[in-house]
Amino acid sequence: MAAVKQKNKRKRPKRDAEAAGLTLVDAINRALARAMEEDETVIVLGEDVGIDGGVFRVTDGLIARFGDQRVLDTPLSETLIGGLPVGLAAMGFRPVAEIQFMGFIYPVIDQIVNHASRMRTRTRGRLTCPMVLRAPYGGGIHAPEHHSESMEAMFAHVPGIKLVIPSSPARAYGLMLAAIRDPDPVIFLEPKRIYRAVREPVSDDGKALPLGKCFVSRKGADLTLVSWGAMLKESMEAAAALADERVEAEVIDVASLKPLDMGTILASVEKTGRCMIVHEAPLTGGFGAEIAARLAGEGLMSLLAPVERVAGWDTVMPLPRLEHRYMPSVRRILGAARRLLEHG
Amino acid sequence: MAAVKQKNKRKRPKRDAEAAGLTLVDAINRALARAMEEDETVIVLGEDVGIDGGVFRVTDGLIARFGDQRVLDTPLSETLIGGLPVGLAAMGFRPVAEIQFMGFIYPVIDQIVNHASRMRTRTRGRLTCPMVLRAPYGGGIHAPEHHSESMEAMFAHVPGIKLVIPSSPARAYGLMLAAIRDPDPVIFLEPKRIYRAVREPVSDDGKALPLGKCFVSRKGADLTLVSWGAMLKESMEAAAALADERVEAEVIDVASLKPLDMGTILASVEKTGRCMIVHEAPLTGGFGAEIAARLAGEGLMSLLAPVERVAGWDTVMPLPRLEHRYMPSVRRILGAARRLLEHG
Amino acid sequence: MTRVASFEIECIGFIDAEGKATGDLPDFAADRDVLVELYRWMVLTRTFDAKAIALQRTGRLGTYASTLGQEAVSVGLAHAMAPDDVLLPSFREHGAQLVRGVTMTELFVYWGGDERGSDFAGPRQDFPVCIPVGGHAPHAAGAALAFKLRDEKRVAVCVFGDGATSKGDVYEAMNVAGVWTLPAVFIANNNQWAISVPRRAQTAARTLAQKAVAAGFPGLQVDGNDVVAVRDAVAGALDRARAGDGPTLIEAITYRLGDHTTVDDASRYRDDETVGRHWKEEPIVRLRKYLTASHGWTKQDEETLIETCRSDVEAAAEAYLAMAPAPVEGIFDNLYAELPAELREQRQAMLAEGD
Amino acid sequence: MTRVASFEIECIGFIDAEGKATGDLPDFAADRDVLVELYRWMVLTRTFDAKAIALQRTGRLGTYASTLGQEAVSVGLAHAMAPDDVLLPSFREHGAQLVRGVTMTELFVYWGGDERGSDFAGPRQDFPVCIPVGGHAPHAAGAALAFKLRDEKRVAVCVFGDGATSKGDVYEAMNVAGVWTLPAVFIANNNQWAISVPRRAQTAARTLAQKAVAAGFPGLQVDGNDVVAVRDAVAGALDRARAGDGPTLIEAITYRLGDHTTVDDASRYRDDETVGRHWKEEPIVRLRKYLTASHGWTKQDEETLIETCRSDVEAAAEAYLAMAPAPVEGIFDNLYAELPAELREQRQAMLAEGD
Ligand SMILES: Cc1ncc(C[n+]2csc(CCOP(=O)(O)OP(=O)(O)O)c2C)c(N)n1
Ligand SMILES: Cc1ncc(C[n+]2csc(CCOP(=O)(O)OP(=O)(O)O)c2C)c(N)n1
Ligand SMILES: [Mg+2]
Ligand SMILES: [Mg+2]
């Protein structure tokens with residue numbers, strides 16, 4: 001809230017870069033700006049989101065454009081970053097709060113479970129909590145200790161919230177708009193490994209994508225590959241490699257983990273009979289378990305082979321030197337695909 | 001640490017009650033006392049664990065017996081209650097910390113994920129974290145708001161810790177001793193609905209039960225009922241009801257959710273071909289998902305019917321008036337059993 | 001060695017335990033009607049409290065947190081607030097909630113274990129009680145920020161106990177309120193106990209008011225058994241906040257005369273003698289004495305008041321007990337603005353299961 | 001209105017930015033050897049720091065947090081500690097770690113992304129760096145409690161930044177240390193920045209030292225660019241703790257002359273001019289001036305020292321670069337004392353997968 005000296009002279013991404021398309025960072029940045037423009041109750045807050053533009057530059061330029069009453073650098077207080085938006089939202093704002101890295105999100109869980117997720121039901125709808133909590137997550141960028149974890153499953157278990165993870169710039173744009181416009185709290189996790197990995201054309205047209213819907217990223221009839229976030233990349237690469245062997249994998253981007261669009265997954269598995277779920281988070285209790293469990297339930301009769309889960313090991317994320325030995329690789333996915341295809 | 005005035009004149013459970021056996025509260029109390037007696041590095045800390053003996057009386061009498069240097073009432077600071085034991089443990093103590101209700105455990109997750117669970121691996125074994133974190137959990141006792149949740153799945157996902165939930169006085173006694181003696185951090189969740197529901201003979205012999213092992217609570221060949229904590233009660237009741245219909249259910253008490261003894265469950269399902277998992281926590285992302293997922297993987301070829309999960313709804317736990325409509329009931333379990341038996 | 005900062009904590013009080021004014025009273029206290037109103041709210045709160053305990057004892061209410069002895073804090077603070085200020089109460093501020101316009105029936109409904117009790121018909125923007133100790137302090141900062149950003153002259157008033165002052169979220173919220181000069185008032189209702197843990201075991205700080213020093217704004221103590229002092233201190237803090245000068249922390253010193261809740265047994269950790277001493281300081285008798293001596297409050301006035309309170313409380317209790325049970329669909333239907341498709345089946349299953 | 005408490009915050013310093021003593025120095029500072037030792041550690045720290053940045057720039061080290069300009073805080077505090085005290089550092093206290101006996105090679109190994117770097121051969125009970133800001137403060141309280149319960153005359157020394165003082169866990173830890181009179185020293189290394197957020201945006205508290213008022217123990221400020229003052233203040237706090245008088249908070253005022261880390265670009269949020277002004281206050285030059293003027297420190301002494309530091313750092317870097325890669329099994333084998341059966345298969349799968 002202190003007066004902002006406009007020191008940051010770096011320009012907006014150049015025109016030619018824009019012609020080549022937007023990165024995931026750019027796309028979220030555009031969605032935030034669009035939402036702030038169309039609705040003045042949308043405000044952004046977090047550590048270093050102001051003049052610094054966020055450590056990944058997701059909020060770059062917002063303070064220059066919307067001022068320091070709508071882009072607020074908070075003190076270094078994660079519990080507060082979880083709880084302040086609950087008060088703001090109850091009083092009519094739509095705050096978008098940032099946790100700098102998912103490794104620092106845990107103090108916020110208290111506010112999410114005990115307050116944000118239940119303000120509506122506790123008060124029978126009198127007070128509500130239309131907030132978005134953003135955080136970059138995941139490994140593979142050689143970040144320091146505690147910066148590379150994937151703990152999305154903890155949030156997927158919390159009733160009353162929604163949980164969204166985009167896998168591409170265009171989806172990030174549309175899902176972020178949907179998250180901000182949603183009348184209930186949304187956790188929005190950003191796979192930082194692909195923050196700048198690809199560019200794609202994204203038209204800044206203010207169109208949201210639906211929450212609670214999977215995307216079919218590739219069509220195929222031989223096996224179903226379910227994933228989200230950065231692991232879509234390896235999943236798509238594996239699908240391409242399988243295609244060389246004339247195996248057609250259907251690749252599904254879950255996108256909304258909560259609520260989950262199980263219908264799309266079940267329909268695919270009905271067709272393929274073979275399913276693998278790929279995620280970076282540790283195997284045990286990861287969100288892959290929920291999908292596999294539903295396959296073991298409603299989907300059982302479709303299964304021609306045991307469901308495969310390719311995930312991080314049930315270990316602490318190693319420091320950068322060994323993190324590649326932790327991260328699910330295309331090789332690991334292909335190995336699982338082979339096991340799936342061996343059956344029946 | 002303030003001097004303790006010994007006001008609490010209430011006597012130890014009477015002899016005749018003891019002859020009738022111990023409650024789960026008594027059993028944990030005995031295990032704590034035994035561990036403190038045999039190892040002076042074992043200390044107990046938390047809110048109201050001292051002269052009050054804990055709000056459920058689990059630590060009753062410990063301060064009188066071991067003094068206020070080994071039984072410490074902390075300030076009202078849950079984050080601290082998670083983090084203080086990490087420092088104590090690294091310096092050679094075996095702290096047993098209490099969170100008064102699971103609804104207040106969330107601020108502790110940060111310390112568990114970022115510190116307790118990884119002190120050993122971060123320092124390649126130089127510093128370790130032999131701590132126990134206890135908390136009563138679960139619904140069904142008409143407790144106030146935020147006092148009835150079951151969020152064990154959040155912990156089951158954290159690498160580097162162990163997670164234990166007893167279902168009876170005898171198991172509570174043996175598992176608590178094992179948890180305290182374990183060289184790594186253990187989360188010990190106590191199903192408060194059955195704190196005093198049953199008595200059973202427990203001999204205070206200092207014998208631990210193994211961590212990482214399921215218990216078969218009832219033998220049967222027709223279907224497998226997997227559960228833990230207070231839901232063992234409904235599971236056993238349902239099994240008894242099924243027996244009246246000549247259906248023999250095998251009932252497995254998971255007891256250690258992490259590490260999980262999947263072998264025992266798989267062996268049972270191989271025999272029965274039918275499996276249901278019962279827990280109070282919300283369905284989606286509950287620990288039942290992990291067990292079902294493993295059945296969909298390694299266990300698939302044994303399955304004669306879709307895996308059933310009988311769980312809490314994916315809703316916020318209602319206030320007491322309606323909580324019985326949330327809690328999985330014997331009726332709900334029997335319904336699922338019927339669906340299991342309809343198949344093949 | 002240079003002195004770089006110094007701080008002082010003051011304590012205010014106007015009417016002592018004997019009901020005597022210890023100096024000049026604040027202006028509002030010259031008005032008999034105001035004093036009687038404060039008195040009436042305190043008596044009503046105590047009457048409500050006794051009824052709530054009675055209902056709990058007979059199995060018609062859930063676990064309940066008594067406010068016995070703390071009525072002056074609760075009533076005084078709420079009475080100072082403007083209608084469009086927002087209250088963020090702990091779970092022991094029944095008095096404040098009543099003054100704010102929450103009905104006794106709503107309070108019974110909530111403590112009876114029914115969410116409808118938090119759907120206040122009166123103060124629509126007041127927050128529901130906060131069971132997780134201190135968890136509402138960040139909400140207060142958020143609400144205050146909302147007022148500041150919209151340039152409204154409203155204040156967020158957050159009340160918590162002495163125990164809550166040990167919580168990190170309370171500290172984080174006060175700290176941000178300080179640095180952003182937010183229109184918030186934080187009130188530590190220091191009843192000397194956090195269940196069995198006495199105030200002295202909670203912190204080495206000589207006063208709780210000085211917790212504000214860490215957050216860079218004023219803190220003061222007030223005699224929490226003197227409703228005039230509480231009202232005055234809170235009114236001052238509200239003025240400060242409304243003027244754009246930022247937050248204040250008020251430590252109101254009182255005493256929890258009852259058990260922590262209806263499931264607590266305070267005799268395990270404190271003796272009757274100590275409690276008895278504190279009965280001599282409780283807030284209602286002293287104001288009655290003052291009213292009697294200075295404003296001709298009569299025995300008749302007293303009896304009428306007690307009878308009105310009693311019958312109001314009974315009526316509210318009857319309305320509560322007569323209420324139709326909440327529809328079970330509420331479990332699902334209030335979870336999201338729109339029930340996600342995947343939950344429709346669960347909702348159906350719940351309804352099919354029956355009671 | 002009664003005054004119930006008052007507090008003062010003092011600031012100490014002995015050698016000013018010009019290298020002049022501003023009054024009597026503490027006793028230890030009369031000893032040339034001690035001053036030279038402090039000086040040597042600061043120069044070594046800065047040399048190490050430059051090398052670490054160079055290694056990072058050439059892809060041979062991970063993200064690194066420079067301590068440039070803050071050497072006096074780091075070196076001074078560790079130099080005051082007894083060997084069996086325990087250090088709980090943030091991620092920017094390389095100087096303190098070196099003084100404590102952590103080797104430069106170990107530091108390179110850690111910042112190179114290898115857990116073996118936290119398996120210190122020297123100070124076996126010192127904690128590893130703490131990346132989650134403030135998360136180690138509760139550990140400090142726990143370690144201090146361990147010492148107190150065992151009646152050991154040891155002290156837990158916890159260092160964190162100005163930003164960390166906004167965190168609830170730091171507050172909770174200080175509060176318990178106060179009420180339990182724990183042998184702990186908390187040091188806020190106030191380098192004026194938490195990444196891009198300046199000190200003034202972190203809190204309205206005039207000093208960070210006054211955060212101790214909320215926890216009920218003394219807080220003081222010290223010129224963090226004066227290694228003599230830091231050492232003296234910390235020594236005093238350690239004595240207090242060892243004597244059983246409880247914790248102290250020391251705010252050491254210094255300045256982060258470099259970027260936040262090697263992935264930060266501080267020019268986005270502060271200008272060179274401001275940084276330039278702070279270069280005039282940095283800790284190494286002023287001690288050199290003092291040594292030159294008061295203890296005959298020569299150009300030759302200086303050159304020799306710089307050369308020794310340079311070659312020590314190079315040797316450590318070479319040892320680091322020559323180190324055999326860590327065994328990949330370490331991912332599993334250090335997770336638990338004994339690998340649970342269910343993880344053996346995963347371990348096998350990992351090994352089978354290969355690099
Ligand atoms: C975060 C949290 N921890 C623990 C509890 C259990 N509990 C309920 S009230 C209470 C004591 C609160 O003390 P204080 O803040 O002084 O408020 P009081 O009850 O005295 O009004 C405790 C520990 C809780 N509700 N929330
Ligand atoms: C809990 C937490 N939140 C956020 C971060 C990201 N982060 C790393 S350093 C830093 C600023 C720390 O400032 P300060 O405490 O002043 O220490 P300094 O970096 O200046 O030494 C932030 C926000 C973190 N590491 N931990
Ligand atoms: Mg209290
Ligand atoms: Mg700093």
Side-chain angles (χ1 to χ4, degrees), chain B residues 1-5 7-10 47-57 60 68 72-80 83 100-101 103-104 106-107 141-147 282-284 310-326 328-329 331-332 335, chain C residues 62-65 91 109-115 117-118 128-135 161-169 194-198 200-203 260-261 263-271 325-326 328 330-332 334-335 340 342-343 346-347 349-350 352-355:
Chain B
M1 304 274 288
V4 174
K5 285 176 286 175
K7 281 208 64 286
N8 178 0
K9 306 222 181 64
R10 193 182 283 191
E47 294 160 10
D48 307 290
V49 297
I51 191 169
D52 198 35
V55 296
F56 288 104
R57 312 291 174 248
D60 193 24
D68 61 5
L72 293 94
D73 274 332
T74 62
L76 212 168
S77 311
E78 273 79 10
T79 306
L80 179 83
Q100 204 163 78
F101 288 89
F104 315 126
Y106 311 114
I141 63 161
H142 283 66
E145 222 173 351
H146 296 102
H147 283 70
L283 178 83
T284 296
V310 174
W313 312 121
D314 284 327
T315 67
V316 169
M317 178 62 142
L319 287 192
R321 290 273 165 175
L322 290 177
E323 75 173 323
H324 65 290
R325 298 298 296 267
Y326 173 92
S329 59
R331 205 191 310 175
R332 224 184 281 172
Chain C
T63 304
Y64 171 78
F91 41 80
V109 170
Y110 174 75
W111 291 98
D114 182 336
E115 289 82 354
S118 294
V129 306
C130 186
I131 297 284
V133 170
D162 44 309
T165 65
S166 297
K167 282 205 71 211
D169 43 9
I195 310 185
S196 72
V197 179
R200 70 167 183 287
Q202 203 63 243
T203 180
H260 168 71
T261 64
V263 293
D264 179 48
D265 171 11
S267 75
R268 289 178 67 87
Y269 52 80
R270 67 182 192 185
D271 50 39
V328 62
I331 293 176
F332 281 91
N334 294 289
L335 195 61
E342 67 161 344
L343 294 190
Q346 287 189 20
R347 183 176 181 279
M350 179 188 74
E353 196 178 42
D355 216 27

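Just so it is clear: chains get the letters A, B, ... in the order the sequence lines come, proteins before strands, and each one is counted from 1.
Here the straight-line distance linking atom CZ of C/R347 with atom CG of B/D314 works out to 15.0 Å at 0.5 Å rounding. To the nearest 0.5 Å, atoms CD (B/E145) and OG1 (C/T63) are separated by 12.5 Å. The line from OG of C/S166 to CG of B/L76 is 6.5 Å long, rounded to the nearest 0.5 Å. Put simply, CG on C/D114 and CG on B/L322 are 7.0 Å apart, with the number rounded to the nearest 0.5 Å. C/E342 contributes atom CD, which lies 9.0 Å from atom CG of B/L283 (distance to the nearest 0.5 angstrom). Between the OG1 atom of B/T284 and the CD atom of C/Q346 there is a distance of 6.0 Å, given to the nearest 0.5 Å.
Interface remark: C/Y110 contributes backbone and side-chain atoms alike to the contact with chain B (heavy atom separation under 4.5 Å). Contacts between C/A349 and chain B at a heavy-atom distance below 4.5 Å involve backbone atoms as well as side-chain atoms. Both the backbone and the side chain of B/T315 come within contact range of chain C, judged by heavy atoms closer than 4.5 Å. Heavy atoms closer than 4.5 Å to chain B are found in the side chain of C/L343, but not in its backbone. Of the two parts of C/D355, the backbone and the side chain both hold a non-hydrogen atom closer than 4.5 Å to a non-hydrogen atom of chain B. When heavy atoms are compared at a cutoff of 4.5 Å, C/L335 approaches chain B solely by way of its side chain, counted from C-beta outward.
When C/V328, C/D169, C/T165, C/V133 are compared by the number of non-hydrogen pairs under 4.5 Å with chain B, C/V328 comes out ahead. For chain B, the option among C/A326, C/P198, C/G163, C/P340 with the highest count of heavy-atom pairs below 4.5 Å is C/G163. By number of non-hydrogen pairs under 4.5 angstrom with chain C, the leading residue of B/R331, B/R321, B/R325, B/H146 is B/R325.
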- Check step by step if salt bridge (charged side-chain N to carboxylate O under 4.0 Å, His left out) holds for B/D48 and C/R268. CA-CA 11 Å; B/D48 307 290; C/R268 289 178 67 87; over 6 Å; no
- Taking it one step at a time, do C/I131 and B/F104 satisfy side chain to side chain contact (heavy atoms under 4.5 Å, CB included)? CA-CA 10 Å; C/I131 297 284; B/F104 315 126; 4.2 Å; yes
- Message: Walk me through whether B/Q100 and C/I195 qualify under side chain to side chain contact (heavy atoms under 4.5 Å, CB included).
- Response: CA-CA 11 Å; B/Q100 204 163 78; C/I195 310 185; 3.4 Å; yes
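Nearest heavy atoms, B/L319 versus C/G113: CB-O, 3.3 Å.
The pair B/R332-C/E353 meets the salt-bridge criterion, since a charged nitrogen lies less than 4.0 angstrom from a carboxylate oxygen. Taking a cutoff of 4.0 Å between a charged side-chain nitrogen and a carboxylate oxygen, B/R57 and C/D265 do not qualify as a salt bridge.
When atom types are taken as modelled, the side chain of C/E115 and the backbone of B/P318 share no donor-acceptor pair closer than 3.5 angstrom.
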